[in-house]
2 protein chains.
Amino acid sequence: MVIPAYVFDRLLEISLLLHADMARAFAGTGLTASRTHLLWELHRLGPSTQQALASALKVTPRNVTGLVDALESHGYVERHPHPTDRRAVQVTLTDRGSRTMAAMESDREQAAAELVAGLTEQEVDEFGRILTSVADRLRRLVEAAADETEEKT
Amino acid sequence: MVIPAYVFDRLLEISLLLHADMARAFAGTGLTASRTHLLWELHRLGPSTQQALASALKVTPRNVTGLVDALESHGYVERHPHPTDRRAVQVTLTDRGSRTMAAMESDREQAAAELVAGLTEQEVDEFGRILTSVADRLRRLVEAAADETEEKT
DNA sequence: TATTGTTATACTCTATAACTATA
DNA sequence: TATAGTTATAGAGTATAACAATA
């Protein structure tokens with residue numbers, strides 16, 4: 001039993017469609033996929049240091065500096081002194097940032113509903129269950145491959 | 001009925017895992033995700049002009065120039081004069097390029113088998129069917145959003 | 001006139017390395 | 001000595017605009 005090729009084609013198509021739609025939706029807003037990902041983590045975590053954001057996004061601290069610079073200049077986030085650690089910066093959402101995330105959350109829910117309109121609850125559950133199983137196996141495969149690469153080093 | 005949040009989390013996780021694995025697998029090969037995508041299309045389409053590749057990849061011709069430059073310098077593709085149109089270039093896979101794609105194809109099949117090990121044929125079929133349905137609806141949503149944006153312009 | 005591919009220019013994301021201020 | 005964030009530098013992907021050769 002193998003994942004049929006058409007499933008890969010659909011996944012690739014979904015990825016390209018989402019990319020195109022983001023480019024369209026972000027035009028003129030000062031947002032990009034990476035910047036929005038940072039906003040999303042900030043929304044989830046609450047006020048955070050740039051180190052915490054770097055871990056959450058799995059990118060370097062230097063990279064976070066650039067993303068926060070861009071988001072700050074467009075008014076989505078603010079840098080504040082950290083209350084207890086004078087080395088660190090605390091990044092917070094501004095009102096604009098909070099409103100943007102709230103709007104995105106409700107857009108996402110609406111889109112999520114439209115995508116599965118016509119499917120039964122059982123079908124959606126089954127889909128989620130298989131997706132989770134595939135993600136679990138993929139995680140193990142990727143970790144095994146990474147370990148193997150490391151051993152060679 | 002709405003797609004549950006954990007399904008989005010799994011999809012995001014899969015996307016991040018694949019990205020990390022590609023970065024690892026491509027180290028030292030001169031390949032990247034974008035360059036591999038071009039090789040894949042070339043493998044699928046056969047010898048192609050850069051215009052054809054730009055359409056297939058949905059990027060600008062200028063972008064293809066850069067990708068083909070990089071792939072050529074690493075020996076994966078070659079530029080040849082087009083047999084009938086002296087303006088155009090025909091891009092072909094080299095032996096190295098063909099061998100690389102063949103290896104990737106078999107790797108992909110093996111990984112695809114491991115990801116669904118433990119699932120029944122019926123479950124995989126069901127998964128593919130729902131994925132197709134979701135992709136169809138997503139395509140329509142994205143097109144509708146794009147049309148709406150265009151009307152405002 | 002239209003098309004193919006290139007040069008010129010610019011923006012974004014990402015990484016490593018060196019450095020400053022602080023813990 | 002270790003950590004948080006910055007400056008410096010570099011590579012990769014992407015885009016628009018102007019241009020030369022050819023159709």
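Residue numbers begin at 1 in each chain, while the letters A, B, ... track the order of the sequences.
- Checked options B/H80, B/R79, B/Q51; the residue passing with B/V89 is B/R79 (criterion: side-chain contact (heavy atoms from CB on, under 4.5 Å)).
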Show the numbers, then the answer: is there a side-chain contact (heavy atoms from CB on, under 4.5 Å) between A/M22 and B/V142?
CA-CA 10 Å; A/M22 276 193 296; B/V142 169; over 6 Å; no
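- The distance from atom CG of A/D85 to atom P of D/dA2 is 17 Å, rounded to the nearest whole Å.
- Here C/dT12 presents its P atom at 12 Å from CG of A/L31, a figure rounded to the nearest Å.
- Applying the 4.0 Å criterion to OP1 and OP2 of C/dT6, one finds that B/R79 has a side-chain N or O inside that range.
- Residue contacts shown for B/S34 are limited to sugar-phosphate atoms, with no base heavy atom under 4.0 Å away.
- Projected onto DNA chain C by closest heavy-atom contact, A/R87 and A/G66 fall at different nucleotides, the more 5' of which corresponds to A/G66.
- The nearest heavy atom of DNA chain C to B/T65 and to A/A70 marks one nucleotide each, and the one closer to the 5' end goes with B/T65.
- Contact annotation for A/T60: base contact, defined as any heavy-atom pair under 4.0 Å involving a base atom.
- Between D/dT7 and A/R62, no contact under 4.0 Å exists linking OP1 or OP2 to a side-chain N or O.
- Remark: A/Q90 is not in phosphate contact with D/dA4, judged by side-chain N or O atoms under 4.0 Å from OP1 or OP2.
- Within 4.0 Å (heavy atoms only), A/T32 reaches sugar-phosphate atoms of the nucleic acid but no base atom.
- Connection of A/W40 to A/V68 is established within a shared hydrophobic cluster, with ILVMFWY side chains joined at heavy-atom distances below 4.5 Å, either directly or through further cluster members.
- Separating the CD atom of A/Q50 from the P atom of D/dT7 is a distance of 11 Å, rounded to the nearest angstrom.
- For B/R35 and D/dT14, the CZ to C1' distance is 13 Å, given to the nearest whole Å.
- Taking the side chain of B/N63 as heavy atoms from C-beta on, and the options D/dA15, C/dA23, C/dT4, the nearest nucleotide is D/dA15.
- In this structure, CG of B/L67 is placed 11 Å from P of D/dA12, rounded to the nearest angstrom.
- A donor-acceptor contact closer than 3.5 angstrom links the side chains of A/E114 and A/Q110.
- Geometrically, B/R108 engages A/F8 in a cation-pi contact, judged by NZ or CZ lying under 6.0 Å from the ring centre and within 45° of the ring axis.
- Between the CD atom of A/E72 and the P atom of D/dG5 there is a distance of 13 Å, given to the nearest Å.
- Note: NE2 (B/H82) to P (D/dT22) measures 15 Å, nearest angstrom.
- One interatomic measurement links the two molecules: CZ of B/R86 to P of C/dA2, which rounds to 22 Å at whole-angstrom precision.
- OP1 or OP2 of D/dA4 sits under 4.0 Å from a side-chain N or O of A/Q51.
- Taking the nucleotide of DNA chain D with the nearest heavy atom to each of A/H19 and A/V64, the more 5' of the two is matched to A/V64.
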